[in-house]
S.K.: 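Before I ask anything, here is the structure I am working with.
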Amino acid sequence: MSKMPSDERSEKQAAAQQAVDILHEISTLLNCHLDRRTLSICISMIENGVNPEALATAVKELRGEAREIALENAAAAAAAAARRR
Amino acid sequence: MAFLAQLSALTDELVDAVASIPENQSQKRQACRESTLRSLRYHNFLRTNEFDVQDRLVGLEERFRVTGREALADAFRKRLDIFRPYHDKWTPDLLHFLLELSDKPAQKSKLSDLQPLIKPVEEPPPKLTWQDIAREDGWHKDKALWRTIDYAPSSGDEDDDDAQSEVSAASSSTAPSSPDRYRRTAHDLIVEPVDGELLLKQAEDSQAWRTATRPIDGEGQAKKTPISSLQLLREVLFMLGGQDTTLFDSRCDPVTDYQLVDVSWPTHNALVTSFAECGRKLAPLRSFARRKEHVPLLQVFQDSLQKALRSFDQELATIQARFVSLQQDTVVSLIGILAELGPSLAPLYVLSSIVRRLEEKRNTHAFQYLEFLFDAVGTAQLEGSQQTYKLLGSVFFDCFQVYLEPIRLWMEEGRLLAGDRAFFVSESSTKLPLHQIWKSQYHLLRAPDGTLHAPRFLQPAIHRIFATGKSIVVLKHLKRHESVLSQRNRNEPKMDFATVCPDDLEFAPFSELFSGAFNAWIQSKHHTASATLRGLLFNSYGLSQGLDALEHIYLMSDGSRSDAFASAIFRHLDSFSASWKDRFTLTEIAQEAFAVCVDSFRLSADVDPRGVSHSAVASRGSVRLSLPAIRLNYRLNWPVRIIVPEEAIQGYRTISTFLLQIRRAMYVLKHPFLSFHLRGVTIADDSACYFLLRTKLLWFCSTMMTYLTALVLMPNTARLRQGLRDAADVDDMVTAHSAFISRIIHESCHGPKLQPIRECMLDILDLALKAEDTHQVEMARRAEEEQESSRLSIMSSPYKPINKKGRGPLRRRRKEDEPDDEVDLDLEAVMKNSTTASDKPCVSAMRDLHSDLERNLRFIAGGLRGVARASRDEASGKWDMLAEMLEVGIREER
């Protein structure tokens with residue numbers, strides 16, 4: 001197996017970074033509500049063979065879960081605040 | 001399994017990133033993770049259709065535009081375009097994913113969201129500009145910065161009486177209005193002396209004489225202001241130093257308002273006038289030295305003048321120093337000063353006269369002053385004024401070094417400086433073919449009156465310089481220049497005064513010393529180049545082989561080869577065929593004949609179109625008509641063509657034609673058309689006449705041939721070879737060769753003066769042809785008569801011969817190698833051509849021809865003798881010899 005020289009690897013990394021940047025911009029334009037970290041995770045998953053629609057569905061579910069948890073937390077915090085008063 | 005592990009790791013990360021379940025709810029997190037993983041692994045979705053993705057993207061962009069969000073659409077398009085190079089196999093999936101997640105972008109997307117994503121462009125650090133510095137330093141506040149400073153020495157209030165004070169007075173010219181706190185001004189440097197006012201008063205008093213009003217004497221005329229010797233001395237020294245003074249005006253004339261105390265007016269006047277004289281002589285020098293010159297030759301002259309003036313000024317300064325801080329009693333003697341300065345002034349006077357002469361002449365060449373300087377140096381040496389001689393000599397050699405520069409460049413590289421009008425070689429602007437470079441590419445510039453555009457003292461050497469440069473140019477074209485450069489290791493002799501005119505040779509005339517040194521200088525450069533070129537011409541470019549070939553072809557040095565060539569042509573002529581007029585046939589004949597001794601690929605032949613307009617019969621009958629039209633060409637290399645130009649080839653051709661004509665006559669006389677051997681013909685009287693004539697003609701032709709070969713061509717070619725070997729450079733070789741050509745032309749009686757004699761010789765050659773023709777006609781007639789008689793006798797006998805009538809005997813008598821079918825044509829033509837056949841009997845025709853021959857011979861011999869006596873040409877000796885050889889024939893007859 002041939003090892004890539006380090007400058008080629010860094011060039012590839014830079015190119016990959018740029019690709020991710022552009023995708024982030026596109027996702028912002030498309031109003032996907034994705035931050036960079038999530039996006040790069042999703043990119044890694046898709047490049048590993050995950051079906052994009054399935055992934056999109058999973059993300060939406062997780063967002064739903066996140067909203068629920070946020071609501072629960074908000075309700076708990078409001079209740080705690082009311083109790084203290 | 002690895003895939004699963006990776007997938008689960010990524011799923012964990014995703015869950016953390018999106019759902020961000022707090023730490024305490026790990027169960028929930030776990031549940032979440034598992035459900036996500038399951039949904040990712042087990043799903044019913046189809047694979048991404050990339051065309052569908054493309055369509056959706058395009059549709060989305062259109063939707064943006066339709067809903068009026070142009071900027072969004074543009075940004076979207078731009079990002080997609082930028083992303084295009086990064087496409088790989090996952091791109092459709094990624095875009096599909098983003099499209100799935102997109103949340104009503106046409107309504108909700110905002111361009112401002114992009115701003116945080118764009119990386120800020122780094123600004124370079126602000127540069128420092130002059131405006132900033134000016135602002136910081138406050139230049140606009142400092143008015144003194146912008147005032148022009150006056151560097152000239154202020155006249156009238158120089159330092160005076162330095163014995164009294166050592167402090168320089170404050171200058172009144174520049175003063176800043178607002179002192180800059182960073183810079184010291186003159187005010188800061190003022191030192192108030194102890195009794196400053198007193199000093200100033202003293203200084204002013206001592207200078208008061210300049211502005212004093214002159215007292216009026218009894219008659220109402222103003223008396224002269226008295227001045228002391230020291231003041232006069234100071235004024236004189238300043239005037240000689242070229243500065244403005246009160247006692248002398250701008251033209252160094254003395255101002256008559258002042259007079260020395262205790263000295264009478266005439267004496268004072270005489271003294272002051274003599275100083276004024278000195279100053280007047282120096283004035284043109286100073287003004288010339290200050291001028292702005294552009295030509296390097298004049299600049300170096302100016303520089304030398306400035307040096308001489310500076311040393312003179314230093315001397316003046318030394319004298320001044322004596323009087324400035326007087327340590328002891330010193331005598332102030334103006335006449336002493338005059339005597340002291342005398343020797344230094346003498347060379348400056350000479351230089352000044354040269355400058356004046358230069359300025360008087362308009363439109364001089366830049367090197368005119370070199371000629372003046374040269375003459376002045378010689379004069380100074382003759383007069384014995386050593387100081388002048390040395391100074392002028394060094395000035396001359398300094399200036400000459402600059403003049404040598406273009407000469408050196410020309411002689412070493414063969415290059416000329418563009419725009420240098422002081423040099424005497426010029427290049428013609430057209431590019432000439434290589435063999436004409438030597439003669440015509442470069443010229444010596446001449447003035448309208450014919451003198452060379454060079455200083456007089458260089459004129460003997462000009463041609464060698466010119467030849468060297470041209471040799472270098474030719475060597476460069478031959479690409480052998482480097483060998484010359486490498487051979488020139490030795491340094492050129494130095495050309496400066498100390499070397500050329502050393503002290504132990506001070507009695508040798510300067511012009512001799514200079515020409516000797518300059519010749520040595522030239523020789524160091526000239527010799528190598530010309531020797532190399534000569535060697536190359538002989539060895540590599542085959543000059544001797546070329547000359548040999550020319551001799552073979554034109555001067556017929558190898559008789560067998562020339563015979564082969566000539567007889568082939570004569571055969572064509574005799575057979576009336578027109579093929580000898582054809583270029584290709586001639587070339588073939590020539591190449592075949594000369595193939596042994598020359599390079600036949602260089603040889604070609606053609607025919608002068610003017611010479612072929614005569615009929616075949618006429619051409620055959622005279623040497624004048626056809627033979628001069630034949631031209632042989634031999635192609636030489638271009639270096640050899642420098643030595644042997646086109647005009648020389650013309651000369652060669654003339655000789656060649658003449659030799660061919662003589663050979664024609666000899667050929668005709670020796671190869672009669674028809675054989676002699678007639679059956680049963682007795683030798684009659686007319687045959688005797690014919691034989692006598694033929695013998696004489698043969699004798700004439702061989703005498704001419706001998707003369708030309710042995711007395712003209714052989715000695716001259718030997719002399720040419722010797723001359724070429726001895727020649728020092730290419731010019732000499734060219735001259736030697738052209739002299740050779742002119743010699744052989746003259747000695748072979750082809751010069752303009754000997755035109756009638758040559759015509760006479762050609763007449764004799766034509767006589768030979770005519771004699772032969774007549775004889776042949778006669779023979780043919782006799783043969784016909786015989787035929788008639790024999791035919792009559794045969795006809796009377798019953799036995800008829802098988803041979804055709806009238807043709808057999810003739811045919812048999814012919815030589816076997818002649819073409820048979822042209823016999824009748826020849827005979828008829830000959831009979832038509834010869835006028836003697838019908839008019840006169842053969843005998844009288846022969847006698848007429850004989851008398852013509854005699855007359856012509858006498859004319860030639862007499863003419864040659866006369867011309868030989870009359871002219872002092874080199875060739876006259878040869879003419880005498882030829883006349884003697886021909887007179888042998890004449891005297892015998894008598």
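Note on naming: letters A, B, ... go to the chains in the order of the sequence lines (proteins, then strands), and numbering restarts at 1 for each one.
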S.K.: Do any N or O atoms from the side chain of D103(B) and from the backbone of N31(A) form a donor-acceptor pair under 3.5 angstrom?
M.R.: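 Side chain of D103(B) to backbone of N31(A): no pair is present.
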S.K.: Identify the two heavy atoms, one from L62(A) and one from C32(B), that lie closest to each other, and give their separation to 0.1 Å.
M.R.: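 Nearest heavy atoms, L62(A) then C32(B): CD2-SG, 3.6 Å.
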S.K.: Rounded to the nearest 0.5 Å, how far does NE2 of H24(A) lie from CZ of R79(B)?
M.R.: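 Answer rounded to 0.5 Å: 11.5 Å.
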S.K.: Please classify the contact of R41(B) with chain A as side chain, backbone, both or neither, using a heavy-atom distance under 4.5 Å.
M.R.: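 Contact with chain A: none, neither part.
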S.K.: Counting C-beta onward and ignoring hydrogens, is there a side-chain heavy-atom pair between Q6(B) and M45(A) closer than 4.5 Å?
M.R.: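 With C-beta onward as the side chain, the pair stays apart.
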S.K.: Nearest heavy-atom pair of A54(A) and S39(B): which atoms, and what distance?
M.R.: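 Smallest heavy-atom distance, with atoms named: CB-O, 4.1 Å.
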S.K.: Using a cut-off of under 4.5 Å on heavy-atom pairs, state which of L39(A), T57(A), T28(A) scores highest against chain B.
M.R.: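 It is T28(A).
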S.K.: Heavy-atom distances under 4.5 Å only: say whether K89(B) touches chain A with side chain, backbone, both or neither.
M.R.: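 For K89(B), neither part sits under 4.5 Å from chain A.
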S.K.: For the candidates W90(B), F64(B), F76(B), which exhibits the highest count of non-hydrogen atom pairs separated by less than 4.5 Å from chain A?
M.R.: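 It is W90(B).
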S.K.: Heavy-atom distance under 4.5 Å to chain B: side chain of I69(A), backbone, both or neither?
M.R.: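 Side chain only.
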S.K.: Less than 4.5 Å apart, any side-chain heavy atom of P52(A) and any of L94(B)?
M.R.: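 Not in contact.
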S.K.: Compare every heavy atom of A66(A) with every heavy atom of V18(B), then report the nearest pair and how far apart it is.
M.R.: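 Nearest heavy atoms, V18(B) then A66(A): O-CB, 3.7 Å.
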S.K.: Is it the side chain or the backbone of R37(A) that comes within 4.5 Å of chain B heavy atoms, both, or neither?
M.R.: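 Contact with chain B: side chain only.
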S.K.: F97(B) pairs by side chain to side chain contact (heavy atoms under 4.5 Å, CB included) with which of L23(A), N51(A), L34(A), V50(A)?
M.R.: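 The side chain to side chain contact (heavy atoms under 4.5 Å, CB included) with F97(B) is passed solely by L34(A) among L23(A), N51(A), L34(A), V50(A).
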S.K.: Can you name the nearest heavy-atom pair linking L40(B) to L55(A), along with the distance?
M.R.: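 Distance-wise, the nearest heavy atoms are CD2-CA, 3.6 Å.
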S.K.: Measure distances from L46(B) to the heavy atoms of chain A and classify the residue's part below 4.5 Å as side chain, backbone, both or neither.
M.R.: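 For L46(B), backbone heavy atoms alone lie under 4.5 Å from chain A.
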S.K.: Please check if atom CZ in F3(B) has more than 12 non-hydrogen atoms from other residues, nucleotides or ligands closer than 6.0 Å.
M.R.: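 It does: F3(B) CZ has more than 12 such atoms within range.
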S.K.: Would you compute the distance between atom OG of S40(A) and atom CG of L14(B) and round it to the nearest 0.5 angstrom?
M.R.: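 Here the rounded value is 10.5 Å.
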S.K.: CD1 of I22(A) to OH of Y86(B): how many Å apart, nearest 0.5 Å?
M.R.: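 The distance works out to 5.0 Å.
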S.K.: Side-chain contact test, heavy atoms from C-beta onward, threshold under 4.5 Å: evaluate it for K60(A) versus L101(B) and give yes or no.
M.R.: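 A side-chain contact under 4.5 Å exists here.
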S.K.: So which residue, D35(A), N48(A), I43(A), T38(A), ends up with the most heavy-atom pairs under 4.5 Å with chain B?
M.R.: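 With the most close heavy-atom pairs to chain B, the winner is N48(A).
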S.K.: Are more than 12 heavy atoms from other residues, nucleotides or ligands located less than 6.0 Å from atom CZ of R415(B)?
M.R.: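 Atom CZ in R415(B) is not crowded, with 12 or fewer foreign heavy atoms closer than 6.0 Å.
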S.K.: Would you mind checking which part of T91(B) comes under 4.5 Å of any heavy atom in chain A, side chain (CB onward), backbone (N, CA, C, O), both or neither?
M.R.: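 Interface part for T91(B): neither.
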S.K.: In Å and rounded to the nearest 0.5 Å, what is the CG to SG distance from D93(B) to C42(A)?
M.R.: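 Answer for the CG-SG pair, D93(B) versus C42(A), is 13.0 Å.
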S.K.: How many angstroms lie between CD1 in I46(A) and CG in L10(B), if you round to the nearest 0.5 Å?
M.R.: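 So the gap between those two atoms works out to 11.0 Å.
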S.K.: Could you look at N44(B) and say if it's the side chain, the backbone, both or neither that has a heavy atom under 4.5 Å from chain A?
M.R.: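 For N44(B), there is no contact with chain A at all, as no heavy atom is under 4.5 Å.
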S.K.: Let's go through H43(B) and E53(A) carefully: what are the C-alpha distance in whole Å and the side-chain angles of both, what is the deciding distance for side-chain contact (heavy atoms from CB on, under 4.5 Å) to 0.1 Å, and is it a yes or a no?
M.R.: CA-CA 9 Å; H43(B) 60 83; E53(A) 278 189 73; over 6 Å; no
S.K.: Given a strict heavy-atom distance threshold of 4.5 Å, which part of E47(A) is in contact with chain B: side chain, backbone, both, or neither?
M.R.: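 When you check distances to chain B, atoms from both the backbone and side chain of E47(A) fall under 4.5 Å.
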S.K.: How many angstroms lie between CG in L29(A) and CZ in R77(B), if you round to the nearest 0.5 Å?
M.R.: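 That separation rounds to 12.0 Å.
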S.K.: Can you confirm whether more than 12 heavy atoms, excluding those of Q27(B), are under 6.0 Å from its CD atom?
M.R.: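 Open: at most 12 neighbouring heavy atoms sit under 6.0 Å from CD of Q27(B).
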S.K.: Just checking R36(A): does its CZ atom have more than 12 heavy atoms from other residues, nucleotides or ligands closer to it than 6.0 angstrom?
M.R.: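 Counting neighbours around CZ of R36(A), more than 12 heavy atoms of other residues, nucleotides or ligands fall under 6.0 Å, so yes.
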